[in-house]
Amino acid sequence: MTDQLISGFPVRLLDVDDLPACLALARDREWSPEEQKWRLLFEVADVYGLDDPDGGLAATVVATRFGQEITAIGMMLVAKRRERRGLGSALLRYALDRSGTASAWLTATTYGRPMYERMGFRAIGECAAYAGEPTGLSRDVSRPAEPADLPAILALDAEVFGAPRGALLTRLQTVSARFRVVDGPDGGLAGFAAAWSSLGETMLGPVVAQDAATARGLLSDLAREVEGPVRVYIDTTQSELIAWTKEHGLSHAFSTTIMEYGAPLPTDRGRLFSPVMLAVG
Ligand SMILES: CC(C)(COP(=O)(O)OP(=O)(O)OC[C@H]1O[C@@H](n2cnc3c(N)ncnc32)[C@H](O)[C@@H]1OP(=O)(O)O)[C@@H](O)C(=O)NCCC(=O)NCCS
């Protein structure tokens with residue numbers, strides 16, 4: 001607990017006991033109440049909240065720190081009854097001031113983008129969501145990851161993402177993640193990808209690969225193992241991966257703007273085809 005106030009509302013770091021209040025706030029903003037996702041966020045991130053004197057939470061924001069380099073911002077929510085009085089920007093400022101990293105990353109809805117721009121975030125691209133039941137998949141070149149692959153997965157991921165995501169990638173088991181890898185010619189990995197569950201859908205991501213053909217193969221092999229609908233978020237510069245979604249019957253669901261803050265992101269976007277999830281990068 002803390003006595004500090006933001007715009008008159010007590011701010012504090014939330015924990016898993018606050019999960020019901022977080023889900024209630026998400027519902028208030030017509031976001032899905034993704035319980036497993038919030039549980040993962042409580043394990044790997046700083047979840048900040050403003051207590052509402054009338055009960056529940058007035059606002060949340062989640063800051064996931066990757067080394068000294070990048071903080072991913074997600075779950076920026078302000079209760080409808082409390083919006084447009086500066087709570088969102090003040091809570092985000094509070095989280096950024098405590099992150100201590102050179103850069104921050106987020107993907108913005110059309111609601112959030114003007115606020116982020118005023119705070120100094122810069123639009124650097126677009127991330128599109130595709131969803132549906134995949135069809136016409138054939139077997140490709142990947143294999144299931146084994147525990148011994150973890151160091152190579154983390155090494156490739158750090159090289160491409162530009163910061164260490166080991167805590168996040170190892171905690172993805174919270175959402176029942178399955179990993180697949182493609183072996184490279186030199187004993188390293190040419191790519192890896194994961195699939196995990198959320199609210200009756202299988203999320204495909206992250207996808208990290210040396211080229212689009214490897215990324216497409218990883219997606220095909222992951223999607224072949226899945227029953228029911230899948231969802232994948234794709235950097236729209238990755239046209240060959242977007243073509244994969246169309247070839248396999250997925251539809252465009254929505255898009256968000258990729259934004260950076262502070263120093264330019266060290267991420268190699270040419271090899272980072274899909275994030276783990278929009279809330280954490
Ligand atoms: C996006 C969101 C977090 C913004 O929260 P917020 O607390 O309303 O944000 P702020 O009050 O800091 O800024 C929003 C607007 O209020 C205005 N504002 C800020 N303080 C104000 C005040 N004292 N009086 C009147 N207006 C004010 C801002 O200028 C801004 O105006 P604009 O939208 O026309 O540019 C909130 O609308 C929300 O939860 N939306 C749904 C979920 C969502 O899309 N989240 C973003 C995910 S990327």
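Counting convention: from 1, in listed order, for ligands and their atoms alike.
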So the side chain to side chain donor-acceptor pair (under 3.5 Å) pairs with at least one residue in residues 185-198 (sequence neighbours excluded) are Glu34-Ser198

Sequence neighbours left out, what pairs pass side chain to side chain donor-acceptor pair (under 3.5 Å) with at least one residue falling in residues 124-137?
Glu126-Ser255

Using the rule side chain to side chain contact (heavy atoms under 4.5 Å, CB included), only one of Thr71, Thr64, Ile258 pairs with Trp105; which is it?
Ile258

Distance under 4.0 Å, heavy atoms only, partner ligand 1: which residues pass?
Arg29, Trp31, Met76, Leu77, Val78, Glu83, Arg84, Arg85, Gly86, Leu87, Gly88, Ser89, Thr107, Ala108, Thr109, Tyr111, Gly112, Pro114, Met115, Tyr116, Arg118

On the six-membered ring of Tyr94, is Arg98 placed so that its NZ or CZ lies under 6.0 angstrom from the centre and within 45° of the ring axis?
yes

Quick note, salt bridge (charged side-chain N to carboxylate O under 4.0 Å, His left out) partners involving residues 248-268, not counting sequence neighbours, are Arg122-Glu260, Asp268-Arg271

Stacked cation flag Arg113 on Phe121, 6.0 angstrom / 45 deg:
no

